[in-house]
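For ligands, and for the atoms within them, numbers begin at 1 and follow the listed sequence. Values below: all heavy atoms of this structure, side chains included; hydrogens, waters and symmetry mates excluded.
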Amino acid sequence: MWNFKRIKFFFICSCIVLFFNSCTDEKQLAVIPAIIPVPSSQQINDGIFEMSNSTGIFSDDEFKQVADFLKSYIEYGSDIKLKSEASKNVISFKKDTSITNEEGYHLKIASNEITIAASSAKGAFYAIQTLRQLLPASFENGAYKESTVSIQNLEITDAPQFKYRGMHLDVGRHFFPVDFIKKYIDLMSMLKMNTFHWHLTEDQGWRIEIKKYPKLQEVAAYRNETLIGHYSDQPHKFDGKRYGGFYTQEQIKEVVKYASERQVTIIPEIEMPGHAQAAIAAYLELGCTGKPIDVATKWGVFEDIYCPKEATFKFLEDVIDEVVALFPGKYIHIGGDEAPKTRWKNCAHCQALIKKEGLKDEHGLQSYFITRMEKYINSKGKQIIGWDEILEGGLAPNATVMSWRGMKGAVTAAQQHHDVILTPGAYCYFDHYQSTKEDEPLAIGGFLPLEKVYSFNPIPKELTKKEAKYVLGAQGNVWTEYMKDSKQVEYMAFPRMVALSEVVWSENKNKNFENFKNRLEFYQQRLDARDVNYANHLYEVKGKSEIKEGVLFMDLKTSSNTKSIRYTLDGTAPNINSAVYKNSLLVDKSVTIHAASFDSKKQVSGVFKESIKMHKAVGKKITFDVAPSEKYNAGGNAALINGISGSDKRYGDNEWLGFDGKDVEITIDLGKEMDVNSIATRFNNQTGSWIYAPSQVIVSFPGNDEFIPIELEQSKEKIVDLKLETKIVTRYIKLKLINYGVIPDGKQGAGHKSWLFIDEIIVE
Ligand code: ACM
Ligand code: ZN
């Protein structure tokens with residue numbers, strides 16, 4: 001409903017400074033409502049509720065625990081002590097069975113009473129999280145040193161769009177202390193996220209105590225050393241330091257209890273049949289070869305996976321028995337991803353089993369493996385979740401699919417009437433870079449800015465309304481190869497988790513990125529108070545090139561319209577006296593633009609830097625015989641002829657174009673015949689991310705007989721440069737790029753077609 005009061009609410013949100021200045025005669029509010037995730041409906045009313053030592057708090061038994069949570073929060077946060085008898089005003093919890101969504105709530109703040117109505121403790125807990133955001137951020141660290149606080153009268157009716165609202169954390173690649181796991185869960189719950197996917201076993205470390213198998217603690221939990229730098233940096237270097245740890249069952253029980261007090265369910269992941277090298281290092285008989293191996297010391301996908309022997313199933317069933325006893329939730333995640341079949345192909349037992357069970361091939365064997373484990377887990381009263389590879393070779397009958405390699409797995413599974421959870425890399429992998437700035441801390445690759453997370457719609461458009469019902473929700477994944485400590489996890493998870501919370505909770509009609517950013521500015525105060533090392537790219541300057549009638553322009557923008565952009569074109573860093581950016585900059589020669597955001601006194605962002613190289617193809621016409629992938633086409637076709645080269649690290653930026661498994665023919669029309677002396681371009685070759693330089697590039701000049709095939713040797717470099725010196729007069733230049741082909745065994749993504757990424761085509 002878009003009534004007058006709601007309009008007023010949004011006006012207040014975006015004009016906070018003005019509001020404070022103009023209302024000095026009214027009782028000042030500690031906080032103006034700017035709630036994340038945005039509620040279904042909210043209405044500001046006149047008046048305030050004044051919370052003080054004279055405020056009572058009441059609940060019946062069902063809501064006692066959440067009421068205590070609120071009481072503790074307020075009393076920790078401030079000098080206010082709530083009473084258990086009515087006096088000046090009250091906070092009361094009411095059961096309301098007419099609220100059909102058990103996570104929904106109605107929050108009414110009136111001058112004499114705060115009423116929290118819900119049909120279950122979950123809904124009441126979420127009302128508290130909303131109320132929390134109406135209190136000053138200093139409550140978060142106990143720094144609100146007054147004994148009264150005023151809260152705006154309002155009425156909120158709210159419920160989530162999706163019932164699965166998840167965050168994942170990989171504790172295998174790096175291990176994080178229990179206190180941090182609790183902090184992560186608490187920060188999730190503030191955003192009404194309700195599922196913590198705890199990725200507990202990996203090639204590089206087994207992190208859950210299993211009492212029956214002590215070598216998991218003694219051997220599998222530790223690696224001898226760890227890779228330094230990026231996986232793609234060759235040759236690999238190691239730090240020589242033993243690394244590891246695990247959570248004891250007592251610690252896990254403590255975390256489970258802590259999570260349940262915050263309405264967060266934990267899904268433990270015990271990976272099978274792949275990502276099992278640490279377990280096999282401890283118990284060699286679990287693998288196919290019996291040969292000694294170490295807990296992995298670098299990242300990637302490893303060939304030593306569980307051998308489907310009776311002894312292996314016994315081991316996994318014993319592990320599951322102990323896991324099931326620790327985690328009260330409905331699901332056990334069994335992994336299922338990235339299990340190379342090399343060992344199985346060469347194992348007499350595996351081959352005999354394929355024959356005996358009448359399986360088609362090794363994919364059939366993986367399906368047999370998962371289905372058998374599913375049966376066991378179902379017999380314990382639990383359901384399995386697996387990564388989308390569990391679709392290959394046939395889906396286990398009751399499995400829920402977690403779709404990570406795009407949305408396709410989700411579509412296939414939902415069409416087969418299986419529940420699905422969306423975690424596609426392009427929207428939900430919080431291990432990807434979030435800014436194109438070159439000084440970002442090292443990450444695995446990719447590019448997933450806040451806005452892209454925010455734009456995610458978890459319902460694949462291919463699904464019918466009926467099929468869409470199988471979409472339980474979405475999850476942000478935090479793989480920690482490049483996150484050595486908790487602070488770096490916070491940097492990568494925040495504020496992207498904040499954006500995702502709105503994706504999974506809020507109604508589309510209430511979502512608006514500009515408005516979200518305003519609210520995020522407030523939410524950051526809360527994160528500051530909680531000492532969260534979030535990435536702040538809100539004021540960062542972003543540049544976008546645009547070609548209008550053959551002429552190149554650069555547009556600069558920053559997310560916040562309360563800041564101004566200042567820039568230089570002479571190579572110097574911008575300062576408070578530099579030119580203020582007003583309109584697009586026309587670019588007609590090679591230049592480096594530096595820019596930053598400023599408030600009235602100082603610089604508030606890092607420096608944006610873009611070097612533009614003028615060449616003969618800039619602004620000319622370019623065509624492709626196949627379209628670049630929608631996911632890697634941020635700059636459009638003109639990205640290759642805009643004078644700007646892509647980032648060496650981030651193939652998902654505005655400059656690289658990515659093609660999925662295909663050969664590509666690119667034609668540039670220079671508009672008229674010109675002398676062409678050289679043609680240069682670059683190919684991305686981050687093979688760990690399935691990206692390979694083409695095997696061959698054929699350069700030709702339509703209207704001219706010249707025809708130059710260039711073979712490219714496979715390279716270890718992350719970027720492969722190509723430069724062709726020529727002497728030709730031509731109007732057209734054609735580049736035919738021959739895709740590298742299927743990724744070979746032993747490499748990440750083996751068996752899949754490789755990606756091809758090309759950068760600027762520089763014609764001189
Ligand atoms: C995954 O990212 N391997 C699920
Ligand atoms: Zn085997």
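- No hydrogens or angles considered: a donor-acceptor pair under 3.5 Å links the side chains of E440 and Y491.
- For the 3.5 Å distance criterion, the side chains of Q714 and Y740 qualify, holding a donor opposite an acceptor.
- At the top of the distance list for atom 2 (O) of ligand 1, counting protein heavy atoms only, stands Y429 OH, 2.6 Å.
- Between the side chains of Q366 and K341, at least one donor N or O lies within less than 3.5 Å of an accepting N or O.
- Near W404, meaning under 4.0 Å from one of its heavy atoms, ligand 1 places the atoms 1 (C), 2 (O), 3 (N), 4 (C).
- Angle SG (C288) to the Zn ion (ligand 2) to SG (C307): 110°, rounded to 10°.
- Counting only residues at least two apart or on different chains, the salt bridge (charged side-chain N to carboxylate O under 4.0 Å, His left out) pairs with a member in residues 362-379 are E310-R372.
- Between the side chains of W404 and E389, at least one donor N or O sits under 3.5 Å from an acceptor N or O.
- At a cut-off of 2.8 Å, C347 coordinates the Zn ion (ligand 2) through an N, O or S atom.
- Separation of the Y651 and W755 ring centroids does not fall under the 6.0 Å cut-off.
- Near W479, meaning under 4.0 Å from one of its heavy atoms, ligand 1 places the atoms 1 (C), 2 (O), 4 (C).
- Contacts between E338 and ligand 1, counted as non-hydrogen atom pairs separated by less than 4.0 Å, involve the side chain only.
- Nearest protein heavy-atom contact of atom 3 (N) of ligand 1 is D337 OD2, 2.6 Å.
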